[in-house]
Amino acid sequence: MILRGYQNDAVAGVLDQWGKVSSTLGCCATGGGKTQIFCEVIRRRMPGRALILAHRKELVSQIVNRLKSFGMEAEIEQGELWARSNLFSSCPVVVATPQTLYSSNFARLKRFKPEEFSTVICDEAHHYSGAPAFEAVIRHFKQNPNAKILGVTATPDRTDNIAMSKVFDSVAFDIEITDLIKLGYLVDIDQRMVKIESLDFSKCHETSAGELNGAEMAQVLEFERTLQGMADATIRTVGDKRTVVFAASVKQAERLSEILNRHKNFSSECVFGHTTPQDRLKVLERFSKGDLQICVNVGVLTEGYDNPGIEAVVMARATLSRALYAQMAGRGTRPLPGIVEGVSEDSPD
């Protein structure tokens with residue numbers, strides 16, 4: 001597998017930091033190929049065994065597929081899937097969700113001895129600081145003094161201001177979205193500001209975590225006149241472009257999708273946390289193939305969603321978080337396959 005220049009530099013940066021500290025952080029904008037980078041790190045660390053932690057099942061499947069492209073076999077520890085924990089018959093790479101490992105009083109975490117793993121990767125590493133259960137999973141493997149830990153993220157800043165240094169000792173690489181746009185690996189962003197007359201966030205309070213109160217924001221965004229204004233502005237602005245819409249609540253997503261379909265029949269569907277895996281897969285497959293123009297979502301497509309066919313992103317919700325905004329906007333920055341060399345191979349985060 002051929003890496004881009006900045007990806008090779010990132011791998012070198014990780015290995016250099018591991019000569020000084022046991023845990024380090026790598027930052028790379030959405031679409032820059034974080035998975036590509038840590039797969040190469042794992043390959044260079046072999047025959048040592050590796051554990052990759054990913055907090056969503058969609059990320060797990062993407063990572064397993066990427067490992068295959070590097071010629072590495074992986075097993076999954078998640079839900080009903082169990083990886084072999086016997087050191088002498090084990091798979092070289094285990095991909096697990098931290099939720100699975102800490103469930104039932106860490107029963108499944110205890111299956112894996114710290115000394116079994118020489119490399120531990122934390123995908124979407126910004127989730128690990130300030131999350132006691134996630135931190136406990138990392139501490140378990142840190143009991144092995146020879147283990148090296150790498151966290152990767154597109155957004156190291158957090159609205160609650162909890163420092164990433166609680167988990168990671170240094171920064172190995174930092175690749176910004178502007179760097180990748182200048183290099184031609186991501187498309188530039190054409191931002192359009194649309195004023196919705198009925199939209200008023202003045203009564204929404206800021207929470208202790210540094211975000212707008214979710215219930216208050218949802219109430220504002222679920223107002224019928226506001227939904228009509230958003231739908232009209234979306235249709236006028238995006239035209240026939242394949243579009244992902246970020247909403248704040250299930251009610252807002254459902255009503256907005258319904259109104260969009262009144263403007264243009266069968267153009268929109270929505271997915272959210274309670275959408276069944278089967279239904280979510282069907283909707284996203286139609287969206288990926290271009291059979292569905294607009295996909296409205298609530299917190300489902302924010303991280304790790306890979307669809308280079310997205311041409312427009314609609315922010316139908318407010319946020320005070322630069323990190324969250326960057327994650328959402330980043331869903332539309334990937335170029336189409338074949339436009340940039342290697343994009344079809346290393347487009348996932």
Side-chain angles (χ1 to χ4, degrees), residues 7 9-28 33-56 59-60 63 66-67 70 72 74-75 77-78 83 85 87 90-102 106 108-156 158 162-175 303-304 349:
Q7 293 172 336
D9 292 342
V11 172
V14 172
L15 299 178
D16 176 67
Q17 286 300 308
W18 277 346
K20 307 168 187 175
V21 297
S22 61
S23 63
T24 192
L25 180 70
C27 307
C28 182
K34 294 185 294 296
T35 309
Q36 194 87 346
I37 292 168
F38 70 67
C39 282
E40 176 62 14
V41 168
I42 290 171
R43 190 188 67 79
R44 294 195 192 184
R45 294 273 293 170
M46 286 189 163
R49 197 179 189 203
L51 171 71
I52 303 172
L53 298 171
H55 73 293
R56 290 177 50 213
L59 296 175
V60 170
I63 290 168
R66 181 47 45 88
L67 287 165
F70 277 78
M72 292 184 285
E75 290 184 341
E77 182 78 13
Q78 177 201 2
S85 58
L87 183 59
S90 60
C91 193
V93 184
V94 174
V95 186
T97 62
Q99 297 94 321
T100 294
L101 295 181
Y102 69 63
F106 299 92
R108 291 175 71 164
L109 178 64
K110 295 171 185 175
R111 297 178 59 238
F112 299 101
K113 294 180 174 60
E115 58 268 22
E116 292 180 21
F117 296 93
S118 63
T119 306
V120 178
I121 308 292
C122 304
D123 196 17
E124 304 294 350
H126 52 281
H127 289 291
Y128 288 78
S129 292
F134 280 32
E135 288 183 16
V137 172
I138 298 300
R139 283 198 302 272
H140 175 78
F141 294 102
K142 278 187 172 182
Q143 293 177 83
N144 176 6
N146 297 316
K148 300 297 184 182
I149 298 171
L150 169 64
V152 293
T153 180
T155 51
R158 295 169 54 104
I162 293 177
M164 299 288 286
S165 59
K166 288 189 65 177
V167 178
F168 306 102
D169 300 323
S170 69
V171 177
F173 59 88
D174 187 5
I175 305 160
E303 294 177 338
D349 294 346

Exercise. Kindly write out the residues that satisfy side chain to side chain contact (heavy atoms under 4.5 Å, CB included) with Asp16, not counting sequence neighbours, or none if the list is empty.
Key: Lys20
Self-check item: Aromatic ring pairing Phe117/Phe141, orientation class (parallel under 30°, perpendicular over 60°, tilted between)
Solution: perpendicular
Exercise. Please report the shortest heavy-atom distance between Arg66 and Thr35, naming the atom on each side.
Key: CG-CG2, 3.5 Å
Quiz item: Does the side chain to side chain contact (heavy atoms under 4.5 Å, CB included) test come out yes or no for Asp123 and Val152, once each step is laid out?
Solution: CA-CA 5 Å; Asp123 196 17; Val152 293; 3.5 Å; yes
Quiz prompt | Counterpart residues, salt bridge (charged side-chain N to carboxylate O under 4.0 Å, His left out), relative to Asp174 (two or more places apart) | solution = none
Quiz prompt | Nearest atoms (heavy-atom pairs only) where Ile42 meets Ala50 | solution = CG2-CB, 3.7 Å
Quiz item: Is Arg56 paired with Glu124 through a side-chain N to carboxylate O contact shorter than 4.0 Å?
Solution: no
Quiz item: Could you give the distance from OG (Ser129) to NZ (Lys166), rounded to the nearest 0.5 Å?
Solution: 7.0 Å
Exercise. State, to 0.1 Å, how close Gly304 and Leu59 come at their nearest heavy-atom pair, and which atoms those are.
Key: CA-CD2, 3.3 Å
Exercise. Kindly give the heavy-atom pair with the smallest separation between Pro132 and Arg139, and that separation in Å.
Key: O-NH2, 4.4 Å
Quiz item: Any side-chain heavy-atom pair from Ser22 and Asp169 closer than 4.5 angstrom?
Solution: yes
Quiz item: Listed by chain and number, what are the side chain to side chain contact (heavy atoms under 4.5 Å, CB included) partners of Ala147, not counting sequence neighbours?
Solution: Asn144
Self-check item: Beyond-backbone contact of Leu67 with Phe38, side-chain heavy atoms, under 4.5 angstrom
Solution: no
Quiz item: Does the side chain of Arg108 reach to within under 4.5 Å of the side chain of Tyr102, using non-hydrogen atoms?
Solution: no
Practice problem: Just jot down the side-chain hydrogen bond (donor to acceptor under 3.5 Å, both in side chains) partners of Thr119, sequence neighbours excluded, or say none. | Solution: Arg45
Quiz item: Does the side chain of Lys113 reach to within under 4.5 Å of the side chain of Gln143, using non-hydrogen atoms?
Solution: no
Quiz item: Got a sec, which residues hit side chain to side chain contact (heavy atoms under 4.5 Å, CB included) with Thr97, two or more places apart in sequence or on another chain?
Solution: Val60, Gln78, Gln99, Thr100
Quiz item: Hey, are the side chains of Leu150 and Val120 touching, using non-hydrogen atoms and a 4.5 Å cut-off?
Solution: no
Quiz prompt | salt bridge (charged side-chain N to carboxylate O under 4.0 Å, His left out) partners for Arg43, two or more places apart | solution = Glu40
Self-check item: Any side-chain heavy-atom pair of Leu53 and Tyr128 under 4.5 Å
Solution: yes
Quiz item: After noting the C-alpha distance and the side-chain angles of Lys148 and Gln17, does the key distance pass the side chain to side chain contact (heavy atoms under 4.5 Å, CB included) rule?
Solution: CA-CA 10 Å; Lys148 300 297 184 182; Gln17 286 300 308; over 6 Å; no
Exercise. Heavy atoms only: give me the nearest Leu109-Ala136 pair and the separation to one decimal.
Key: CD2-O, 4.5 Å
Quiz item: Got a donor-acceptor contact below 3.5 angstrom from the Glu77 side chain to the Ala83 backbone?
Solution: yes
Self-check item: Cys39 SG to Gln7 CD distance, which is reported to the nearest 0.5 Å
Solution: 10.5 Å
Quiz item: About how many Å separate CD of Glu115 and CG of Asn146, when rounded to the nearest 0.5 Å?
Solution: 10.5 Å
Practice problem: Quick one: do Lys142 and Ile149 satisfy side chain to side chain contact (heavy atoms under 4.5 Å, CB included)? Show the steps, please. | Solution: CA-CA 8 Å; Lys142 278 187 172 182; Ile149 298 171; 3.4 Å; yes
Practice problem: Report the C-alpha distance between Phe112 and Leu51 in whole Å, list the side-chain angles of each, state the deciding distance to 0.1 Å, and finish with yes or no for side chain to side chain contact (heavy atoms under 4.5 Å, CB included). | Solution: CA-CA 10 Å; Phe112 299 101; Leu51 171 71; over 6 Å; no
Exercise. Evaluate the side-chain proximity of Arg49 to Val93: yes if any heavy-atom separation is below 4.5 Å, no if none is.
Key: no
Quiz item: What heavy-atom pair brings Ala133 and Phe106 nearest, and what distance separates the two atoms?
Solution: O-CE2, 4.1 Å
Practice problem: I would like to know whether Glu135 and His140 meet side chain to side chain donor-acceptor pair (under 3.5 Å); could you show each step before the answer? | Solution: CA-CA 9 Å; Glu135 288 183 16; His140 175 78; over 6 Å; no
Quiz item: How about Cys28 and Phe173: do any of their side-chain heavy atoms sit closer than 4.5 Å?
Solution: yes
